[in-house]
Amino acid sequence: MNQPNELTLEQQFNIHSFATQVEHMSHEQAKDFLVKLYEQMVVREATYKELIKHQWGLDSNSSWM
């Protein structure tokens with residue numbers, strides 16, 4: 001895993017599109033958007049952690065026997 005992941009053409013397009021959207025935002029819009037984006041990242045991380053815990057049988061609802 002020494003090589004960085006290559007982005008697909010679709011991902012590159014989405015990044016360019018995102019950059020264009022941000023470019024046209026006011027400073028206040030950009031700040032609000034950044035906070036919402038961070039909130040989504042935190043929720044996504046928590047969701048991944050819960051899914052992994054469930055998959056590995058580490059959640060409180062799973063039994064070991």
Side-chain angles (χ1 to χ4, degrees):
M1 293 193 53
N2 291 339
Q3 285 184 321
N5 291 334
E6 294 285 328
L7 297 177
T8 65
L9 192 56
E10 180 181 8
Q11 290 168 323
Q12 291 174 23
F13 174 80
N14 287 335
I15 291 170
H16 179 74
S17 176
F18 179 80
T20 302
Q21 286 178 311
V22 172
E23 216 174 273
H24 293 92
M25 287 182 186
S26 70
H27 184 72
E28 195 62 36
Q29 286 173 321
K31 287 187 342 184
D32 289 342
F33 184 77
L34 187 58
V35 170
K36 289 176 185 171
L37 183 62
Y38 183 74
E39 181 181 358
Q40 288 178 357
M41 288 170 49
V42 169
V43 168
R44 181 183 298 164
E45 182 181 0
T47 301
Y48 287 159
K49 285 180 181 180
E50 286 302 312
L51 288 171
I52 289 170
K53 280 173 36 178
H54 177 73
Q55 185 68 30
W56 290 353
L58 301 176
D59 57 350
S60 59
N61 296 331
S62 55
S63 61
W64 290 92
M65 294 183 192

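If you're wondering where the values come from, they're calculated on a predicted model, not measured in any experiment.
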**OP:** Name all pairs fulfilling the side chain to side chain donor-acceptor pair (under 3.5 Å) condition that reach into residues 24-33, sequence neighbours left out, sorted by first residue then second.
**Re:** S26-Q29
**OP:** Tell me whether F13 is reachable from I15 by hopping between hydrophobic residues (I, L, V, M, F, W, Y) whose side-chain heavy atoms are closer than 4.5 Å.
**Re:** no
Original post:
Would you call E39 and K36 a salt bridge, taking side-chain N to carboxylate O under 4.0 Å as the test?
Top reply: no
**OP:** Go through the structure and list residues passing side chain to side chain contact (heavy atoms under 4.5 Å, CB included) with E10, not counting sequence neighbours.
**Re:** T8, N14
Subject >> Heavy-atom pair of closest approach, residues E6 and Q11 >> reply: O-OE1, 4.2 Å
Original post:
Are L34 and V22 joined in one hydrophobic group, where the rule is that I, L, V, M, F, W and Y side chains link up if heavy atoms are under 4.5 Å apart?
Top reply: no
Original post:
Sequence neighbours excluded, which residues qualify as side chain to side chain donor-acceptor pair (under 3.5 Å) partners of Q21?
Top reply: none
